[in-house]
K.L.:
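This is the structure I want to talk about, given as structure tokens.
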Amino acid sequence: MQRQIVAVLLSILIADIAIAQQKNVVFIVVDDMKTVAGHLSEQPGSFLQTVYPDPAVRQQVVSVLTPNMDALAARGVSFSQCLCPSPLCNGSRTAVMTGLSPVITEFTSNNVNFRDSGRIELREAVTLPENLKDNGYYSLGIGKIYHHPDGPFTDAGRSWTDWIDAGIGTNGPVNFAEYYIPGSVFKFGANEFPVAEHWDYRNSDLIAKLIEGETVTRNDNDYTLPQGQPFFLACGIYRPHHPIYAPQEMVDLFDRTDMTGIDEAYLQLVTDDRDDLSARGLGHAPQGHFGALVSRGGVEGWRDLIKHYLACVAFADRCVGRIIEAVENSPHADDTIIVLWSDHGWALGEKRHLKKSAFWVESDSMLVISDPDIPRSAGAICRRPVSLMDIYPTIHSRCGVAAPPEVTGNDLTPLLRFPWFPGNLPGAPPIAVLNRDEFAMDTRRYRLIRYDEGDYELYSRHADPYYRNNLVGNPFYDKILAELLIELDEQVGD
């Protein structure tokens with residue numbers, strides 16, 4: 001049986017090589033979006049199941065939350081267990097765009113431009129759009145692709161044929177939400193501008209019009225897709241990054257009274273869930289912001305923040321939908337790959353944490369890849385552990401372009417063709433880096449977390465999808481922990 005499986009996989013790969021060509025790529029990144037897309041709502045560990053335990057209510061919410069992302073997933077493969085390279089914007093985005101893992105570069109800071117890094121491999125890195133550009137592609141970017149949307153963080157002189165400076169996020173006067181805490185970093189509220197008048201949507205619309213064959217003007221410059229040249233178009237969508245502001249029409253889609261799973265019992269659960277965290281784990285989950293929120297508004301204040309976060313996700317979905325619609329209705333529909341990803345997730349009260357910068361399941365990224373050459377897997381959800389590091393080699397493989405030899409990550413083409421493949425695939429397990437000596441590693445069964453002061457956490461990915469039971473200290477798992485620590489050391493050094 002195993003030989004038959006291998007034979008099938010080899011035939012798929014041979015066919016894949018035969019059709020490799022310079023396809024177009026539409027590249028969409030959403031900022032700070034946890035795995036709350038509707039098509040993932042019934043997956044183990046879904047935050048939507050926590051918030052909306054009634055399946056009927058949950059499906060009503062899903063229908064208005066991310067219909068466009070869900071439609072894209074129905075035409076491609078969604079990876080429900082995607083580890084971010086680093087649970088901070090700059091570390092994750094730099095790793096994805098350069099193809100260089102922070103395991104190698106030790107680059108996780110939000111404060112430094114990777115081109116100004118002390119590491120020569122980052123200063124001289126050939127980015128994903130740069131390598132495609134050097135191999136005949138027209139590359140254009142807009143919005144938040146790298147950590148900051150302006151200045152040198154755009155990498156305008158290297159990555160892009162054309163870079164378009166633009167605003168990001170939402171705009172217009174904000175009406176703060178009922179439970180917003182003045183002076184808090186977590187501002188949340190709504191504004192009256194319609195969706196189409198906000199920067200994220202305007203940037204998405206510009207990309208869409210280019211795909212549709214229009215000449216667009218921004219900042220007194222005209223842009224048109226060159227004829228007969230493959231393209232790489234990147235659009236960065238800032239929401240749901242804080243401040244958590246959404247158009248009022250998106251906020252009105254959600255009702256706090258539907259969030260019956262966010263109650264006093266769940267508040268106690270997330271409080272108790274801290275009891276078995278390691279000392280360093282507790283340090284990465286400060287309670288200050290969450291404590292201030294519930295002190296001011298209790299469960300209702302918590303629900304109010306979640307409501308506005310979901311409204312921002314719904315707004316991001318409408319931006320994504322504009323681009324998808326353009327691809328579908330253009331002459332490029334049959335030769336354009338769409339890659340949709342989020343740089344990392346975001347905690348919304350789990351473990352009393354309101355932030356990123358942690359290694360638990362809340363930090364996981366969304367990843368959807370739609371390739372018209374692989375229709376047989378349309379709508380599949382792959383639960384194999386993967387990483388955002390796999391984006392660079394996968395795009396190059398699908399486009400028939402050689403990636404630089406220093407690029408890390410695994411080509412996901414086998415999983416695009418056979419998402420349910422039962423055997424072991426080549427490549428190292430996905431690893432995330434928070435600080436220089438702090439790592440998370442996913443295997444098919446476990447997530448291991450190793451902090452820099454010798455603290456460890458171990459979670460069963462399938463038996464405990466919310467990561468509520470730290471298995472360190474359980475004698476039954478001592479041998480497994482030791483084996484995983486050896487495997488991690490082999491990848492990152494001890």
K.L.:
Examine distances only and state if a side-chain atom of S365 and a backbone atom of S342 form a donor-acceptor pair shorter than 3.5 Å.
P.N.:
yes
K.L.:
On a heavy-atom basis, which atom in D442 and which in P385 lie closest, and how many Å separate them?
P.N.:
CB-CB, 3.8 Å
K.L.:
Closest heavy-atom contact between I207 and A234?
P.N.:
CD1-O, 4.1 Å
K.L.:
Other residues, nucleotides and ligands only: do more than 12 of their heavy atoms fall within 6.0 Å of CZ on R274?
P.N.:
yes
K.L.:
With no hydrogens and no angle check, just 3.5 Å: does a side-chain donor-acceptor pair link H462 and R444?
P.N.:
no
K.L.:
Would you please test T271 and R352 for side-chain hydrogen bond (donor to acceptor under 3.5 Å, both in side chains) and show each step?
P.N.:
CA-CA 6 Å; T271 301; R352 295 182 65 91; 3.0 Å; yes
K.L.:
Can you give me the closest heavy-atom contact between Y456 and S278, atom names plus distance?
P.N.:
O-CB, 4.0 Å
K.L.:
Counting C-beta onward and ignoring hydrogens, is there a side-chain heavy-atom pair between Q59 and E42 closer than 4.5 Å?
P.N.:
yes
K.L.:
Give the ring-plane orientation class for Y180 versus F188, where under 30° counts as parallel, over 60° as perpendicular and anything between as tilted.
P.N.:
perpendicular
K.L.:
Going by salt bridge (Lys or Arg N to Asp or Glu O under 4.0 Å), name the residues that satisfy it together with R384, two or more places apart in sequence or in a different chain.
P.N.:
none
K.L.:
Rounded to the nearest 0.5 Å, how far does OH of Y446 lie from CG of D464?
P.N.:
11.5 Å
K.L.:
Hey, does the side chain of E106 reach the backbone of I104 with a donor-acceptor pair shorter than 3.5 angstrom?
P.N.:
no
K.L.:
What are the two closest non-hydrogen atoms of A326 and I211, and how far apart are they?
P.N.:
O-CG2, 3.8 Å
K.L.:
To the closest 0.5 Å, what do you measure between OH (Y146) and OG1 (T98)?
P.N.:
8.0 Å
K.L.:
Sequence neighbours excluded, which residues qualify as salt bridge (Lys or Arg N to Asp or Glu O under 4.0 Å) partners of D455?
P.N.:
none
K.L.:
Going by the side-chain contact (heavy atoms from CB on, under 4.5 Å) test, name the single residue among C84, P430, P85 that passes it with M389.
P.N.:
P85
K.L.:
Is the gap between the ring centers of F290 and W302 under 6.0 Å?
P.N.:
yes
K.L.:
Apply salt bridge (Lys or Arg N to Asp or Glu O under 4.0 Å) to the pair E328 and R75, showing each step before the final yes or no.
P.N.:
CA-CA 11 Å; E328 289 179 340; R75 294 191 297 277; 2.8 Å; yes
K.L.:
Distance alone, cut at 3.5 Å: any donor-acceptor contact between the side chains of H198 and Y201?
P.N.:
no
K.L.:
Quick one: do the H344 and D364 side chains pair a donor with an acceptor below 3.5 Å?
P.N.:
no
K.L.:
Testing D371, D411, D390 for salt bridge (charged side-chain N to carboxylate O under 4.0 Å, His left out) with R398, which one passes?
P.N.:
D371
K.L.:
Step by step, work out the ring-ring contact (aromatic ring centres under 6.0 Å, His included) result for Y466 and F47.
P.N.:
CA-CA 9 Å; Y466 291 99; F47 184 70; 8.8 Å; no
K.L.:
Give, for atom CD1 of I391 and atom CD1 of I369, the distance between the pair rounded to the nearest 0.5 Å.
P.N.:
6.5 Å
K.L.:
Say whether, by atom type as modelled, one donor and one acceptor occur between the side chain of T66 and the main chain of M69 under 3.5 angstrom.
P.N.:
no
K.L.:
Output yes when a side-chain donor or acceptor of S377 lies under 3.5 Å from a complementary backbone atom of A380, and no otherwise.
P.N.:
no
K.L.:
Taking the side chain as C-beta and beyond, is there a heavy-atom pair between L388 and L83 under 4.5 Å?
P.N.:
no
K.L.:
Is it true that a side-chain atom of D317 and a backbone atom of N68 form a donor plus acceptor pair closer than 3.5 Å?
P.N.:
yes
K.L.:
What's the separation between atom OG in S357 and atom CH2 in W346, rounded to the nearest 0.5 Å?
P.N.:
11.0 Å
K.L.:
Starting from the C-alpha separation in whole Å, work towards a yes-or-no answer on salt bridge (Lys or Arg N to Asp or Glu O under 4.0 Å) for K307 and E178.
P.N.:
CA-CA 12 Å; K307 170 180 176 174; E178 179 179 359; over 6 Å; no
K.L.:
Under a 4.5 Å cut-off applied to non-hydrogen side-chain atoms, are V339 and I28 in contact?
P.N.:
no
K.L.:
Anything under 30° is parallel, anything over 60° is perpendicular, the rest tilted; go ahead and classify H241 against Y238.
P.N.:
parallel
K.L.:
For a quick test of reading the model, state the closest non-hydrogen atom pair linking V36 to M33 and the distance between them.
P.N.:
CG2-CE, 4.2 Å
K.L.:
Do R239 and T170 have side-chain atoms, one donor and one acceptor, less than 3.5 Å apart?
P.N.:
yes
K.L.:
With a cut-off of under 6.0 Å to the ring centre and 45° to the axis, is K351 in cation-pi contact with W360?
P.N.:
yes
K.L.:
Look only at the side chain of S46 and the backbone of Q43, and say whether a donor-acceptor pair between them is shorter than 3.5 Å.
P.N.:
no
K.L.:
Do side-chain atoms of D54 reach the backbone of A56 as a donor and acceptor pair under 3.5 angstrom?
P.N.:
yes
K.L.:
Look at the side chain of D200 and the backbone N and O of C319, then say whether any donor-acceptor pair between them is shorter than 3.5 Å.
P.N.:
no
K.L.:
With heavy-atom distances below 4.5 Å as the criterion, would you say the side chains of R461 and Q81 are in contact?
P.N.:
yes
K.L.:
Is a side-chain donor or acceptor of R303 paired with a backbone partner of I262 at a separation under 3.5 angstrom?
P.N.:
yes
K.L.:
I'd like to check L293 versus H289 (side-chain heavy atoms, cut-off strictly below 4.5 Å). Are they in contact?
P.N.:
no
K.L.:
With a 4.5 Å heavy-atom cut-off, do V492 and I431 have their side chains touching?
P.N.:
yes
K.L.:
State, yes or no, whether a side-chain contact exists between L340 and F27 at a heavy-atom distance under 4.5 Å.
P.N.:
no
K.L.:
With a 4.5 Å heavy-atom cut-off, do E483 and E487 have their side chains touching?
P.N.:
no
K.L.:
Which word best sums up how the rings of Y459 and Y467 line up, parallel for under 30°, tilted for 30 to 60°, or perpendicular for over 60°?
P.N.:
parallel
K.L.:
Identify the heavy atoms of K187 and Y245 that sit nearest to each other, and give their distance.
P.N.:
CD-OH, 3.2 Å
K.L.:
Kindly confirm or rule out a cation-pi arrangement of R318 over F315, judged by NZ or CZ under 6.0 Å from the six-membered ring centre and within 45° of its axis?
P.N.:
no
K.L.:
How about F359 and F439: are their ring centroids closer than 6.0 Å?
P.N.:
no
K.L.:
Could you tell me whether the side chains of T94 and N90 share a donor-acceptor contact shorter than 3.5 Å?
P.N.:
yes
K.L.:
Would you give the length of the straight line joining atom CZ of R445 to atom CD1 of I480, rounded to the nearest 0.5 angstrom?
P.N.:
6.0 Å
K.L.:
When you measure from the side chain of N470 to the backbone of L458, do you find a donor-acceptor pair of N or O atoms at a distance under 3.5 Å?
P.N.:
yes
K.L.:
Without hydrogens or angle criteria, can the side chains of E438 and H284 be said to hold a donor-acceptor pair below 3.5 Å?
P.N.:
yes
K.L.:
Between S41 and R58, do the side chains contain an N or O donor and an N or O acceptor separated by less than 3.5 Å?
P.N.:
no
